[in-house]
Every structure is written in C-alpha cells, then in structure tokens.
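What you see is a predicted model; the values in this text were computed from it and never measured. Each chain gets a letter, A, B and so on, in the order its sequence line appears, and its residues count up from 1.
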Amino acid sequence: MPVPVDLPVGYYRDNFLALLDFVREQYADILTAEETAYADRFIDLTLDAQRLYVRLVSRRGPLFRSDKLHYAEILDLPSAARELLAGNFVDHGKDEDDSVILALLTKADLVALIGDKTTAIGTLPRSDLLDRVNTAAVDIRPQLHFEIYRPLMMEYLRLYRLLFFGNLSQDLTQFVLTDLGLLNYEKYVISADARLFKLREVVDKTLLLHELNESSHAAVEQNDREALLEIVALLPDSEQETTLIRRKNRILNRIGRQLERQQDYPNALLVYAQSSAPPARERSARILRKLALLPQSYALCQSIQGDPADEAELEFATRFMPGLQKKIGLEVSEGLSPVLLDDNNSLLVSLPHDEAVRVEESVRTYYDNHASRCYYVENHLFLGLFGLAFWDIIFMSVKGAFFNRYQSSPTDLYTPAFQSARQTAITDRLAEMKNSDRWLDVLHETYAEKLGVANRFVHWQVLSEEILQLSLQRIPASHLAHVFERLLWDLRNNRSGFPDLVLFPDCGSYQLLEVKGPGDRLQDNQKRWIRAFERFGIPYRVVNVAWS
DNA sequence: ACGCAACTGCTAGAT
DNA sequence: GTGGGCACGG
DNA sequence: ATCTAGCAGTTGCCGTGCCCAC
Ligand SMILES: [Mn+2]
Ligand SMILES: [Mn+2]
C-alpha cells in the first residue's frame with residue numbers, strides 16, 4: 001500500500017495555503033477582520049518567510065533557537081526570520097521565564113554558561129547544572145550566542161484548524177500522510193457549501209470547551225478542587241447543540257468524579273446534576289447511598305428506569321435498586337438477570353503460561369490446529385463486516401455529513417440523525433441481506449476496491465481476505481443482519497464487547513470465543529452482546545483458562 | 001475523532 | 001559506547 | 001474462604017538523529 005512518493009519542495013507551505021484558502025472561502029462571514037487579515041498578511045510574505053513560519057508552527061516549540069534551524073529549501077533563513085519579526089509573525093519571547101530559555105540549552109551550553117573552569121562539572125547531571133545557574137542568578141539572555149524565535153498568532157491558526165478539520169486533533173500532518181499514501185480517505189462528495197459550523201457562537205464555545213477540557217485534566221491531576229469548581233462555573237450554555245452538550249457533559253462527569261475522590265460529595269452532586277450524560281446519574285445515586293440518603297438515591301434510580309440514556313444505565317439501575325429497596329423496606333424487585341455460564345456455553349482449558357504471549361493468543365494457537373482455523377479479532381470482525389456491508393450508506397451524500405477530505409466517517413455517525421437520514425437505505429440493505437445474495441457480491445467487490453481506505457469500522461490489518469472469506473461462508477446472513485441491527489440501534493455503545501476469537505472448524509459452521517484468563521471476567525458490554533447472541537442463536541463459548 | 005477500548009491486578013465488603 | 005526518550009519530518 | 005464490584009493504570013504511522021544518563 002505505501003508507495004514511496006516524492007513530495008514537492010515546500011509541500012508543507014502548499015498544505016498550509018490550502019487550509020487557509022478553504023477556511024477563507026467557506027467561513028468568510030464568521031471571521032473577524034483580524035482573523036481574515038492573518039491569512040491575507042501571510043500570503044503577502046515572501047516565499048522563504050512563509051516557509052519558515054509554517055516550519056515553526058508545525059513544531060512543538062514554543063521557542064526555537066536560531067542556530068538550530070536548518071532548512072535546505074529556505075534559502076536565506078536570517079532574512080526570512082527578520083521579515084517574520086517585522087510582521088509580528090514571530091517574536092523573541094522576551095516575556096518567557098528563564099526556566100523556559102534554559103530548556104533550550106544543551107548540557108554543553110550550560111557548562112559554558114557557568115564558565116567554572118576550576119571544577120569538572122561536565123559530568124554532573126543536567127538538573128545540577130540548572131540548579132547552579134539558578135542560584136547564580138545571572139542574566140542569561142545577554143550571554144546566549146543565538147537568537148530566540150517564538151511563532152505568534154497561533155490562536156488564529158488554531159481557529160483555522162478547527163474550521164478546516166472540525167476538530168483540533170488533526171493537523172497539517174494529515175496532508176502529508178495522505179500524500180504519502182499512509183492514510184487513504186474515501187472520495188465522498190463534499191458539497192460546495194460544506195461547513196460544520198453555521199454560527200460563530202458555536203465555534204467560540206467549541207474552542208472554550210476545548211480549553212476547559214484541557215484545564216480540567218490538569219486540575220484533576222493536580223487535585224485542585226478550587227480550579228475544578230472554577231471550570232464548572234466557566235462552562236458555556238450549550239442549548240441545542242448536541243456536540244457542545246456532549247463535550248460539556250464529559251467535562252462535568254470528569255470533574256464530578258474527581259470531587260468524589262476528594263469526598264466533596266455535595267459539590268460532586270451539584271456538578272453531576274448539570275450533566276445529562278451517563279454515568280452522571282449512576283454516580284449521583286451511588287453518592288446518595290453512601291450519604292445514607294436512600295430515598296433520594298432510589299428516586300434517581302427510578303428516573304433512570306423511566307428514561308435510561310442507554311442499556312448500561314438501565315442495567316445499573318436494575319442492579320442497584322434491590323439493595324436500596326431492602327434497606328428502605330420496600331418490596332425488593334428483580335435484579336439484573338446474570339449471564340449463566342454452564343457446560344453448554346463455557347469450558348475450561350489448561351494451557352502452559354507464557355508471560356510474553358497474551359492469553360487470547362495462547363487460546364487462539366490452541367484452537368488453530370489441524371481441525372480448525374481460529375482468529376483473534378475482538379470487535380474488528382463484526383464491525384469490519386458492518387463497515388463493508390454498509391460502505392456506500394456510511395459514505396452516502398447526506399447534507400452536512402462531509403466537509404473535508406480527511407474524514408473516516410460522516411459527522412452524524414453517532415447521532416440519531418445517522419439512522420434517520422439514511423433510513424430507507426438501511427432498511428433496504430437489511431432486507432436485501434435476508435432475501436438475496438447480491439449484497440455478498442457487492443461486499444467482496446467493496447473489499448477489493450476499498451482495501452486500505454479509512455473507514456471507522458474497518459481495520460484492514462485485522463480483517464484479512466482469509467478471515468473475510470471464511471466469515472462470509474460460515475456466518476449465516478441472518479446472524480449478520482441481527483448483529484448489524486443491534487449495532488445500528490446504538491452504534492456508540494454497541495461497537496464494543498464482541499468476543500476475542502472466532503473459530504471456524506474445518507467441518508463447517510463457526511463459533512465466537514471469549515477468552516477469560518485467571519482473574520478476568522465478563523464485562524458488562526460483553527454480557528450484553530452474549531445475551532444478544534442467545535436471542536439470535538449465534539454460537540459462542542466463554543473459554544476459561546487455567547495455567548497448567 | 002477532542003479520550004476510547006480492552007485488559008489486568010488490586011482492595012473492600014458481602015456471603 | 002550505548003540505550004532510552006522523544007521531537008522531527010517525509 | 002470465596003465471590004463480586006469498583007477502581008486505577010496501560011497503549012495507539014515509523015525511521016532517524018539528538019540529547020542525556022549510565
Ligand atoms: Mn478481549
Ligand atoms: Mn477476553
């Protein structure tokens with residue numbers, strides 16, 4: 001798949017320009033004058049200056065030393081730097097602390113800076129040298145034999161990146177990896193007016209939530225209660241925007257959990273109350289029980305039962321309520337029915353223990369013998385088959401679903417809109433699977449044609465041709481259709497929990513195997529799929545391993 | 001895809 | 001010397 | 001003694017070269 005490609009000289013600047021152009025074209029109406037000027041002023045720079053700026057903003061920084069910058073394609077780097085300094089694209093980072101400056105220095109630089117010729121300090125660890133510089137309290141800057149460059153206006157670039165990619169986790173390397181053939185994206189239709197954001201307000205709130213998300217991580221790590229509560233106060237109203245609400249809920253749940261760890265239960269409850277996503281209600285119910293507020297905890301469980309966010313939340317309530325009922329003195333309801341393991345659906349195998357080999361792999365080798373083929377596929381088998389069988393529907397031209405070249409799925413994938421916007425196509429495909437074999441031919445064609453193309457559900461390195469052929473021969477279409485229906489019913493939650501291995505005996509048929517080593521046990525999502533397999537008549541076994 | 005999955009190993013509490 | 005950690009760049 | 005639930009901790013193109021610690 002990866003074919004060596006020579007990228008044109010200065011390719012990174014072309015990519016940067018493509019990003020700027022896209023954003024200026026699509027989003028002119030919601031950019032401020034300064035934000036538009038950022039792109040305009042960049043384009044007015046000389047070629048060398050443009051290249052140097054893009055080189056710098058693509059790197060970690062935030063400070064760079066002039067003597068370490070060497071780029072063959074930048075002919076006159078010093079004058080490019082002067083141009084960037086004059087245009088305020090770069091400064092000298094004068095307001096940076098000495099500690100940040102010192103981080104730029106190598107040990108040899110530090111030794112030279114200390115200039116102590118009487119003792120051999122070259123062998124001291126770096127931290128000791130830093131201590132000596134700090135205690136000496138000298139003015140470091142005048143002694144540096146290089147200039148410091150700090151790229152500026154990164155917040156504009158951040159905005160442009162968000163508008164281009166729709167997220168902040170992708171960056172300019174996407175372009176390179178695609179050009180090199182390391183990443184290969186589907187050629188879906190991007191409509192001319194494609195844009196993720198309609199309102200500037202939503203863009204700003206997205207950026208804000210991003211920052212608060214980062215600071216919430218920091219505050220959790222530092223166990224800083226005041227900071228956590230401050231973040232909660234800064235969270236923006238998110239009204240109808242489901243992605244904003246989701247991000248906000250995630251922050252709230254993270255903060256609530258940390259407040260729990262600090263045993264600040266009143267605040268944890270207040271924070272969870274603002275979150276509309278699991279596990280906020282579950283955590284609240286647990287806190288309330290811990291505080292002996294049993295009726296309140298019970299009422300929360302009832303509200304979960306009345307309107308569960310997903311199966312997991314409902315299962316929690318079902319499992320949690322009997323204990324409360326007993327303590328309160330209510331009639332005790334039926335708990336969660338356990339997944340019963342017996343000789344029909346589980347077995348014990350004794351295997352030699354090898355630290356270096358995962359237990360799933362040991363079991364796979366055990367079954368992959370003269371009488372059967374066995375593969376370690378976990379979620380990838382059924383998700384992959386789903387991604388292939390529904391390829392055209394996943395990448396169907398739906399308004400607003402695709403807005404740049406670098407998506408492995410439509411934007412609405414995990415929202416109810418995914419189903420509703422493609423309802424007839426989905427229903428037809430599921431019906432076709434029950435009535436004819438045409439979908440099978442198409443699936444094989446899709447596999448051959450799309451091999452290596454990014455699709456959220458298809459992990460090409462796992463789903464080999466061999467596994468695909470066997471799966472489609474052995475797994476009845478009705479089984480696949482049942483699995484796909486349950487997947488579609490809640491894509492976000494049901495995409496995990498599939499068994500570790502798939503077994504294809506040479507005599508025919510197939511069986512799913514969930515491996516459990518000593519001390520491991522079925523997880524809730526694995527149990528949900530196992531219950532579904534029972535309903536669908538899909539053959540599975542739990543393989544318990546004992547070390548021999 | 002703005003952390004997730006999946007897994008492991010530990011502790012506390014229930015039986 | 002050399003091995004680990006990690007930033008860089010195609 | 002044996003069990004279960006809960007919780008915390010771990011890893012994600014890949015080759016090359018720099019820097020540091022040993
Ligand atoms: Mn597994
Ligand atoms: Mn397993």
Walking DNA chain B from its 5' end, the first of A/L196 and A/D500 to be reached, judged by nearest nucleotide, is A/L196

In residues 240-259 of chain A, which residues come under 4.0 Å of DNA chain B by heavy atom? A/R247, A/R250

Could I get the full list of salt bridge (charged side-chain N to carboxylate O under 4.0 Å, His left out) partners for A/R250, not counting sequence neighbours? none

Residue set satisfying salt bridge (charged side-chain N to carboxylate O under 4.0 Å, His left out) with A/E361, at least two apart, ordered chain then number -> A/R364

Checking side chain to side chain contact (heavy atoms under 4.5 Å, CB included) between A/V453 and each of A/F395, A/Y185, A/W391, which is the one that passes? A/W391

Could you verify whether a donor N or O on one side chain and an acceptor N or O on the other, from A/S496 and A/N525, lie under 3.5 Å apart? yes

What's the CH2-C1' distance between A/W460 and D/dG12, to the nearest Å? 20 Å

Those residues of residues 198-207 of chain A lying under 4.0 Å from DNA chain B by at least one heavy atom: none

A/L52 atom CG is separated from C/dG9 atom P, nearest whole Å, by 11 Å

Tell me what A/Q407 touches on the nucleic acid: a base, only sugar-phosphate, or nothing, going by heavy atoms under 4.0 Å. base

Determine the contact category for A/Y71: base if any of its heavy atoms lies under 4.0 Å from a base atom, sugar-phosphate if only primed atoms, P, OP1 or OP2 are that close, otherwise nothing. sugar-phosphate

Check A/Y27, A/F403, A/F175, A/F16 against A/F164 for a ring-ring contact (aromatic ring centres under 6.0 Å, His included) and give me the one that passes. A/F175

Whole-Å gap separating P (D/dA5) and CG (A/D524): 8 Å

In terms of the nearest nucleotide of DNA chain B, which residue is placed more toward the 5' end: A/R358 or A/S409? A/S409

So which protein N/O to nucleotides 20-22 of chain D N/O distances come out below 3.5 Å?
unit_1 : atom_1 : unit_2 : atom_2 : d
D/dC20 : OP1    : A/K107 : N      : 2.7
D/dC20 : OP1    : A/R126 : NH1    : 2.8
D/dC20 : OP2    : A/K107 : N      : 3.3
D/dA21 : OP1    : A/R126 : N      : 3.1
D/dA21 : OP2    : A/K107 : NZ     : 3.4
D/dA21 : OP2    : A/R126 : N      : 3.3

Judged by modelled atom types alone, do A/T415 and A/D412 share a side-chain donor-acceptor pair under 3.5 Å? no

Could you verify whether a donor N or O on one side chain and an acceptor N or O on the other, from A/Q170 and A/Y406, lie under 3.5 Å apart? no

Under 3.5 Å, is there a donor on one side chain and an acceptor on the other for A/R289 and A/S297? no

Using a 4.0 Å heavy-atom cut-off, does A/L177 contact any base of the nucleic acid, only the sugar-phosphate backbone, or nothing at all? base

Taking only the C1' atom of each, what is the distance from D/dG12 to C/dC6 in whole angstrom? 16 Å

Please report, rounded to the nearest Å, how far the C1' atom of B/dA1 is from the CG atom of A/L183. 13 Å

Pairing residues for A/R158 by the salt bridge (charged side-chain N to carboxylate O under 4.0 Å, His left out) criterion, not counting sequence neighbours: none

Of the nucleotides D/dC13, D/dA5, B/dT15, which one has an atom closest to the side chain of A/R521? D/dA5

If the P atom of D/dG9 is compared with that of C/dG9, how far apart are they to the nearest Å? 34 Å

Using the P atom as the point on both nucleotides, what is the distance between C/dG5 and D/dT10, in whole Å? 13 Å

Would you say the side chains of A/Q263 and A/K290 form a donor-acceptor pair under 3.5 Å? no

From CZ of A/F320 over to C1' of B/dA14, roughly how many Å is that when rounded to an integer? 15 Å

Do A/F498 and A/F382 have ring centres separated by under 6.0 Å? yes

Checking all strands, does A/H459 fall into the base, sugar-phosphate, or nothing category for heavy-atom contacts under 4.0 angstrom? nothing

Output the single nucleotide from D/dC19, C/dG9, C/dA7 whose closest atom is nearest the side chain of A/K68. D/dC19

Pair A/Q262-A/R225, side-chain donor/acceptor within less than 3.5 Å: no

Side chain of A/Q170 only, heavy atoms from C-beta on: which candidate in B/dA1, C/dG9, B/dT8 is closest? B/dA1

Which nucleotide, C/dA7, B/dT8, B/dC7, lies nearest any side-chain atom of A/R60? C/dA7

Do A/D490 and A/N493 pair up side chain to side chain, a donor and an acceptor below 3.5 Å, judged on atom types alone? yes

Please work out if A/R161 contacts a base, only the sugar-phosphate, or nothing of the nucleic acid, heavy-atom cut-off 4.0 Å. nothing

Just call it for A/S496: base, sugar-phosphate, or nothing, with non-hydrogen atoms closer than 4.0 Å on any strand. sugar-phosphate

Between D/dG9 (P) and A/D520 (CG): distance, integer Å: 19 Å

Report which part of the nucleic acid A/R495 touches: base, sugar-phosphate, or nothing (heavy-atom distance under 4.0 Å, all strands). sugar-phosphate

Report the distance from atom CG of A/L182 to atom P of C/dG9, rounded to the nearest whole Å. 17 Å

Distance-only side-chain donor-acceptor flag, A/Y540 / A/N345, under 3.5 Å: yes

May I ask you to verify if any side-chain N or O of A/R492 is less than 4.0 angstrom from the OP1 or OP2 atom of B/dC4? no

Would you indicate what A/G517 reaches in the nucleic acid, counting non-hydrogen atoms under 4.0 angstrom: base, sugar-phosphate, or nothing? nothing

Rounded to whole Å, please give me the gap between CD in A/Q523 and P in B/dC7. 6 Å

